[in-house]
Enquirer: 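Below is a structure I'd like to ask you about.
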Amino acid sequence: MQVFILKNYEEMSREAALEVKDRLLKKPNLVMGLATGSTPLGLYKELIRLHKDEGLSFKHVVTFNLDEYLGIAQDHEQSYFRFMRENLFKHLDINIKNVHVPNGMAKPCDIDEYCDWYESRIKKFGGIDLQVLGIGRDGHIGFNEPGSSLGSRTRVKTLTEETIQDNSRFFKDQSEVPTYSITMGVGTVMEAKEIILLANGKSKANVISITIEGGVTAQVTASVLQLHRRVNVFLDEEAASLLKRKQYYNFVAKATRKFEKMARAK
Ligand code: F6R
């Protein structure tokens, strides 16, 4: 895991966008895993800016979203499909046929088959090259709540009360927040070739310190990222505030940038 601590949310988002840009320039048909929620909004805004101002093209990009509420149709105000369309896809030159968000209206009786299809679709495109993740206060990635198997695949998950409460800010009433979701599994996420984890704000400080400096446990599903070969964590100062080895991460980040510069010069 490489940890980058940025001054604020805007810098965190810009840094993460630069990484996406770099990977996209190297592979125009990049397969991206995407997250919804408040955290990646700054990254998406910056990607839109890079597309508009610098001509960064998403024409051949294929995307797979992590999750969707079960029982919510694509055009529902709070559907993750709609979130992605409004906050990213409609502003880019992406081919909507290459966009995948789990179908919240999949029938309960067909769900296992549908989840297998989602997994096979990821495989068909050669797997996810770059996965973008946010993190819940309870350490979830996607909707893989505490106790989710670290080897899990795309399936139905019941949301915890904490997540329902957190996400109720987007609904008129807490009772409207769905109880179930379809989510990629922890095992699915771990197969991505590279992962970007983003977190900002004080409310994420505790879970970030456990995820990065605690033990690997299914009780904090994000902690399994410690076992992945290529994870870059982008944090603002508030989210990083409880990390014990902050100084070391900053030292490594500086040294890495220097090394990359040297490599580019050769
Ligand atoms: C959503 C997702 C979730 C969020 C997490 C944090 O697609 O994957 O795991 O990343 O709930 O949400 P925010 O960013 O709103 O704090």
Side-chain angles (χ1 to χ4, degrees), residues 9-10 12-13 16 32-46 63-70 72 74 76 78-89 99-104 118 122 128 130-148 150 152-171 174 177-190 192 195-208 210-211 218-225 231 233-236 238-240:
Y9 179 71
E10 287 68 32
M12 177 197 85
S13 305
M32 292 188 72
L34 298 174
T36 56
S38 316
T39 313
L41 280 173
L43 161 66
Y44 296 159
K45 221 169 135 189
E46 185 59 15
T63 66
F64 287 92
N65 263 78
L66 282 164
D67 44 15
E68 178 61 282
Y69 291 118
L70 197 59
I72 288 224
Q74 280 191 347
H76 186 285
Q78 294 307 329
S79 85
Y80 284 176
F81 177 86
R82 186 165 171 161
F83 176 98
M84 291 308 300
R85 189 185 63 203
E86 294 305 309
N87 292 298
L88 187 65
F89 300 146
V99 156
H100 305 82
V101 180
N103 178 9
Y118 203 73
I122 295 173
I128 291 171
L130 184 62
Q131 174 70 55
V132 174
L133 294 176
I135 183 170
R137 283 190 302 135
D138 60 7
H140 68 233
I141 47 176
F143 272 128
N144 295 288
E145 300 284 26
S148 294
L150 298 182
S152 52
R153 313 300 309 192
T154 303
R155 72 214 180 290
V156 173
K157 272 305 280 184
T158 307
L159 273 49
T160 59
E161 283 169 327
E162 192 179 27
T163 300
I164 291 177
Q165 202 183 323
D166 279 353
N167 291 6
S168 66
R169 67 189 193 276
F170 301 113
F171 291 81
Q174 189 164 318
V177 185
T179 310
Y180 307 103
S181 66
I182 298 183
T183 180
M184 275 187 208
V186 183
T188 321
V189 168
M190 286 294 281
I195 297 176
I196 290 178
L197 174 67
L198 299 166
N200 67 291
K202 266 196 199 121
S203 68
K204 299 288 171 71
N206 187 44
V207 77
I208 280 297
I210 297 170
T211 297
Q219 295 310 313
V220 181
T221 52
S223 65
V224 77
L225 298 174
V231 180
V233 185
F234 295 96
L235 306 171
D236 72 350
E238 285 187 344

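Predicted model only: the values in this text are computed from it and were never measured. Whatever order the structure lists ligands and atoms in, that order sets their numbers, starting from 1.
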Enquirer: Would R137 count as a contact of ligand 1 if the rule is a heavy atom under 4.0 Å away?
Expert: no
Enquirer: If you compare all heavy atoms of A199 against all heavy atoms of K204, which two are closest, and at what distance to 0.1 Å?
Expert: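 Scanning both residues, the minimum pair turns out to be CB-CB, 4.2 Å.
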Enquirer: Identify the protein heavy atom lying closest to atom 2 (C) of ligand 1, giving its residue, its atom name and the separation to 0.1 Å.
Expert: D67 OD2, 3.4 Å
Enquirer: Test V132 against every option in T39, L198, N65 by the side-chain contact (heavy atoms from CB on, under 4.5 Å) rule and name the one that passes.
Expert: L198
Enquirer: Do any N or O atoms from the side chain of E68 and from the backbone of Y80 form a donor-acceptor pair under 3.5 angstrom?
Expert: yes
Enquirer: Measuring from atom 5 (C) of ligand 1, which candidate in H140, E145, M84, E68 has the nearest non-hydrogen atom?
Expert: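 Looking at heavy atoms only, the winner is H140.
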Enquirer: State, with a plain yes or no, whether a side-chain heavy atom of Q131 is found less than 4.5 Å away from one of L66.
Expert: yes
Enquirer: I need the atoms of ligand 1 closer than 4.0 Å to a non-hydrogen atom of R169, numbered in the order shown.
Expert: 15 (O)
Enquirer: Which residue owns the protein heavy atom closest to atom 16 (O) of ligand 1, what's the atom, and how far is it?
Expert: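 Its nearest protein heavy-atom neighbour is K204 NZ, 2.7 Å.
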Enquirer: With under 30° as parallel and over 60° as perpendicular, where do the rings of H76 and F171 fit, or are they tilted in between?
Expert: tilted
Enquirer: Under 4.0 Å from any heavy atom of G37, which atoms of ligand 1 are there?
Expert: 14 (O), 15 (O)
Enquirer: Return the closest protein heavy atom for atom 6 (C) of ligand 1 as residue, atom name and distance.
Expert: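 Answer for atom 6 (C) of ligand 1: I135 O, 3.3 Å.
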Enquirer: Tell me which protein heavy atom sits closest to atom 15 (O) of ligand 1, plus the residue, atom name and distance to 0.1 Å.
Expert: S38 N, 2.9 Å
Enquirer: Can an N or O of Y80 be found at a distance shorter than 3.5 Å from an N or O of ligand 1?
Expert: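 N/O-N/O distance below 3.5 Å does not exist for this pair.
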Enquirer: With no hydrogens and no angle check, is any side-chain donor or acceptor of Y118 less than 3.5 Å from a backbone partner on T154?
Expert: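 No, Y118 side chain to T154 backbone: no donor-acceptor pair under 3.5 Å.
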Enquirer: I want to confirm something. Looking only at heavy atoms, which of G134, G142, S181 is nearest to atom 9 (O) of ligand 1?
Expert: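 That would be G142.
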Enquirer: Tell me the nearest of T39, V189, T36, L66 to atom 13 (P) of ligand 1, using heavy-atom distances.
Expert: T39
Enquirer: Between M84 and T63, is any pair of side-chain heavy atoms under 4.5 Å apart?
Expert: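 Side-chain contact under 4.5 Å: no.
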Enquirer: Measure N167 to ligand 1 on non-hydrogen atoms and call it side chain, backbone, both or neither using the 4.0 Å cut-off.
Expert: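 It is neither; nothing of N167 touches ligand 1.
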Enquirer: Decide yes or no on ring-ring contact (aromatic ring centres under 6.0 Å, His included) for F143 and Y69, but give the supporting numbers first.
Expert: CA-CA 9 Å; F143 272 128; Y69 291 118; 5.8 Å; yes
